[in-house]
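Written below as structure tokens is the structure these notes are about.
In this text the structure is predicted, and so the values were computed from the model without any measurement. As a basis for the values below, the full set of heavy atoms in this structure was taken, side chains included, without hydrogen atoms, waters or symmetry mates.
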Number of protein chains: 2
Amino acid sequence: MRSIPIKVSLDSIKASCGSCSLHELCLPMGLSQEDTELLDQTVNKRRKLARGEHLYRVGDPFQALYAVRSGFFKTLHLGGNGREKIVGFYMPGEVLGMDAISIDRHQYSTMALEDSIVCDIPFAELEHLIGVIPSLQYHFHRLMSGDINAGKRHMLLLDNTRAEERLAGFLLSLSQRFAARGYSPTQFNLRMTREEIGNYLGLTIETISRLFSRLQKEGLVNVQNREVKINDLVKLRGMVGHCD
Amino acid sequence: MRSIPIKVSLDSIKASCGSCSLHELCLPMGLSQEDTELLDQTVNKRRKLARGEHLYRVGDPFQALYAVRSGFFKTLHLGGNGREKIVGFYMPGEVLGMDAISIDRHQYSTMALEDSIVCDIPFAELEHLIGVIPSLQYHFHRLMSGDINAGKRHMLLLDNTRAEERLAGFLLSLSQRFAARGYSPTQFNLRMTREEIGNYLGLTIETISRLFSRLQKEGLVNVQNREVKINDLVKLRGMVGHCD
DNA sequence: CGAATGTTTGAACCCTTTCAAAGACGGTGG
DNA sequence: CCACCGTCTTTGAAAGGGTTCAAACATTCG
């Protein structure tokens with residue numbers, strides 16, 4: 001609360017895709033230096049968000065996509081009964097908000113799980129730029145298609161009836177995504193609570209807790225609070241049914 | 001088998017988006033007559049598929065998107081253990097294959113559930129056309145975004161822990177989509193088997209069967225083989241948790 | 001008509017949920 | 001620095017719902 005005045009003064013920071021370490025994962029992937037500079041003129045603002053702060057909420061008018069620069073986000077659906085369902089976790093280099101393109105309003109709320117920074121990508125300007133830069137068009141379509149696939153993979157994860165398979169698949173998914181960003185695939189920090197994991201996987205918090213205990217007892221992983229160490233990546237893969 | 005020679009002779013049929021009754025649902029939605037004619041030059045072929053025939057299979061190189069002209073399709077994922085998981089059903093006006101854009105190969109197999117016709121949309125040509133027709137760019141992005149949302153809705157459906165909620169949500173989803181195509185929202189034919197419904201919803205065939213029996217006993221629906229009549233749309237909606 | 005496929009119904013089992021309570025962690029204030 | 005408090009996590013026992021296994025029935029299509 002106290003920190004709001006400080007945050008405001010830091011809200012806008014000059015961004016630069018060209019010098020960003022994530023540019024091979026993010027929207028500028030595959031662009032020439034020249035085209036990246038054009039993109040930089042559109043993606044010219046960064047925004048800081050404190051842990052727990054909303055990037056946007058259900059129903060907000062859609063104006064921009066957001067690339068995660070640093071930090072961690074969750075997106076959630078609000079059911080008619082007040083129930084919250086987490087539909088995705090987003091880490092640096094991933095782009096938020098593409099589901100809103102088709103309806104002009106955000107369908108899901110997005111909240112920072114830790115202090116984070118996003119790059120604003122005003123969509124009207126991006127659309128214009130896509131018409132001008134053919135390779136941006138190509139890469140943007142791949143990005144959207146990748147989001148379609150991420151959704152389908154999550155669905156396949158939820159199709160595993162056994163709770164164990166879901167959690168194993170979840171850990172492996174995190175592992176892969178961390179690895180793609182140059183972090184260890186076997187040792188990482190969970191940014192979300194047990195409850196958020198359970199919600200995401202369609203399981204209760206108690207089941208998540210029991211599973212972590214069991215996996216640890218079996219020596220597959222070590223879990224200390226939010227710190228996860230995977231001891232046997234191969235055996236963990238063997239536990240997952242039909243998801244990758 | 002015997003019919004293959006016949007099918008081949010009918011395989012290619014001249015298509016026309018301008019005169020297609022689905023053009024407000026499909027790729028040409030919102031295009032001017034002039035732009036639709038340009039699109040017609042690209043979408044110039046139709047393909048007939050017999051029931052049970054594959055449109056494409058996992059691993060096939062990605063070359064075209066396919067708009068369903070008539071009939072019904074399912075898309076399925078093949079798990080490492082040989083398990084099949086149905087990830088989507090597609091009806092006329094819906095576009096197949098957008099998940100493959102990001103990886104250049106089809107990630108899922110697609111099979112006709114009944115004799116069907118699709119319109120070929122060669123993707124390289126579509127990409128070119130998108131660079132030329134701004135409103136096509138706009139509508140194509142909405143189409144992809146819509147596919148992202150369809151996936152998320154399916155995921156929300158699977159999050160309902162109670163089998164009853166999932167089936168209710170499934171019936172409502174079909175109802176809406178039929179209504180959008182000018183068919184009755186309360187009376188329609190299931191194109192898929194109980195097993196396929198169960199697979200899609202993460203339930204067993206027995207559970208689906210029991211649920212239909214129960215819903216019928218409660219007077220909510222009438223089910224005769226594959227013919228469904230919804231008697232109480234409102235009460236059915238009340239059964240679904242957080243999925244619209 | 002007959003075989004294959006698809007559907008319905010029953011009973012026992014298993015896993016996750018639910019309900020309950022104790023324990024650990026982290027931040028705040030004295 | 002430590003005690004306190006709220007939040008998060010762990011663990012236990014009972015209950016519920018869907019699956020599994022089994023068998024009869026219906027439908028479709030050659």
Side-chain angles (χ1 to χ4, degrees), chain A residues 1-3 50-52 74 83-86 111 113-115 157-170 189-218 221-228 239 241-242, chain B residues 1-3 50-52 72 74 83-86 111 113-115 157-170 189-218 221-228 239 241:
Chain A
M1 291 295 146
R2 245 184 345 215
S3 59
R51 176 182 169 184
K74 68 173 175 184
R83 193 159 45 156
E84 265 189 14
K85 168 67 180 182
I86 296 174
M111 182 190 276
L113 292 178
E114 59 184 30
D115 291 359
L157 192 59
L158 291 183
D159 185 58
N160 290 307
T161 47
R162 310 196 58 229
E164 198 178 66
E165 303 177 58
R166 290 195 204 169
L167 186 60
F170 175 66
N189 193 276
L190 297 170
R191 263 70 171 196
M192 63 294 285
T193 66
R194 302 285 193 271
E195 183 168 29
E196 285 166 334
I197 296 173
N199 184 314
Y200 181 72
L201 295 177
L203 300 168
T204 60
I205 183 174
E206 293 95 331
T207 300
I208 301 296
S209 183
R210 276 185 257 268
L211 284 173
F212 272 139
S213 300
R214 195 164 84 213
L215 291 181
Q216 174 143 354
K217 204 169 288 171
E218 291 167 357
V221 302
N222 275 40
V223 187
Q224 184 94 355
N225 302 325
R226 297 201 176 177
E227 202 59 44
V228 171
M239 293 177 55
H242 59 185
Chain B
M1 288 298 146
R2 248 185 340 221
S3 59
R51 176 183 168 183
F72 225 87
K74 67 173 176 184
R83 193 160 43 158
E84 265 190 15
K85 167 68 181 181
I86 297 174
M111 181 189 276
L113 291 180
E114 59 186 29
D115 292 358
L157 193 59
L158 291 182
D159 184 58
N160 290 307
T161 47
R162 309 196 58 228
E164 197 178 65
E165 303 177 56
R166 289 194 205 170
L167 186 60
F170 175 67
N189 193 277
L190 297 170
R191 264 68 171 197
M192 64 293 287
T193 66
R194 303 285 194 269
E195 182 168 29
E196 287 165 333
I197 297 173
N199 185 314
Y200 180 72
L201 295 178
L203 301 167
T204 60
I205 183 176
E206 293 94 331
T207 300
I208 301 296
S209 183
R210 275 185 256 268
L211 284 174
F212 272 138
S213 301
R214 195 163 84 213
L215 291 182
Q216 174 143 354
K217 203 168 291 170
E218 293 168 355
V221 301
N222 275 40
V223 187
Q224 185 94 355
N225 303 324
R226 297 199 176 178
E227 202 59 44
V228 172
M239 293 177 57

Spacing between [X] atom [atom1] and [N] atom [atom2], to the nearest angstrom:
X	N	atom1	atom2	result
A:Phe212	D:dC8	CZ	C1'	13 Å
A:Arg194	C:dT16	CZ	P	17 Å
B:Ile208	C:dG6	CD1	P	15 Å
A:Met239	C:dC15	CE	P	13 Å
B:Asn225	D:dC25	CG	C1'	13 Å
A:Glu206	C:dC19	CD	C1'	9 Å
B:Leu215	C:dT8	CG	P	12 Å
A:Leu203	D:dG17	CG	P	18 Å

Q: Supply the atom-to-atom distance B:Ile205 CD1 to B:Thr193 OG1, rounded to the nearest 0.5 angstrom.
A: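 If we round to the nearest 0.5 Å, B:Ile205:CD1 and B:Thr193:OG1 are 6.5 Å apart.
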Q. About how many Å separate CG of B:Asp159 and CD1 of A:Ile86, when rounded to the nearest 0.5 Å?
A.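 Atom-to-atom, A:Ile86:CD1 and B:Asp159:CG are 10.0 Å apart.
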Q. 5'-most contact on DNA chain C: A:Ala163 or A:Gln224, nearest heavy atom basis?
A.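 Result of the comparison: A:Ala163.
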For [N], take OP1 and OP2 only and decide whether either is under 4.0 Å from a side-chain N or O of [X].
X	N	result
A:Thr204	C:dT17	yes
A:Arg214	C:dC15	no
B:Thr207	D:dG18	no
B:Ser213	C:dT9	yes

Hey, does [X] reach any base, or is it just sugar-phosphate, or nothing, if we go heavy atoms under 4.0 Å?
X	value
A:Gly198	nothing
B:Thr193	sugar-phosphate
A:Arg51	nothing
A:Arg210	base

Q: Would you confirm whether B:Arg191, through its side chain, and B:Asn189, through its main-chain N or O, come within 3.5 Å as a donor-acceptor pair?
A: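 Yes, B:Arg191 side chain to B:Asn189 backbone: donor-acceptor pair under 3.5 Å.
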(Q) Quick check for you: among D:dT10, D:dG18, C:dT8, whose closest atom lies nearest to any side-chain atom of B:Ile205? (A)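 From the listed options, C:dT8 comes nearest.
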Q: Please indicate whether B:Glu164 has more than 12 foreign heavy atoms, meaning atoms of other residues, nucleotides or ligands, lying under 6.0 Å from its CD.
A: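 More than 12 heavy atoms, drawn from other residues, nucleotides or ligands, come within 6.0 Å of this atom.
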Q: Decide yes or no for A:Glu196 and A:Leu113: does some side-chain heavy atom of the first lie under 4.5 Å from some side-chain heavy atom of the second?
A: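 When only atoms from C-beta onward are counted, A:Leu113 and A:Glu196 do touch, with a gap below 4.5 Å.
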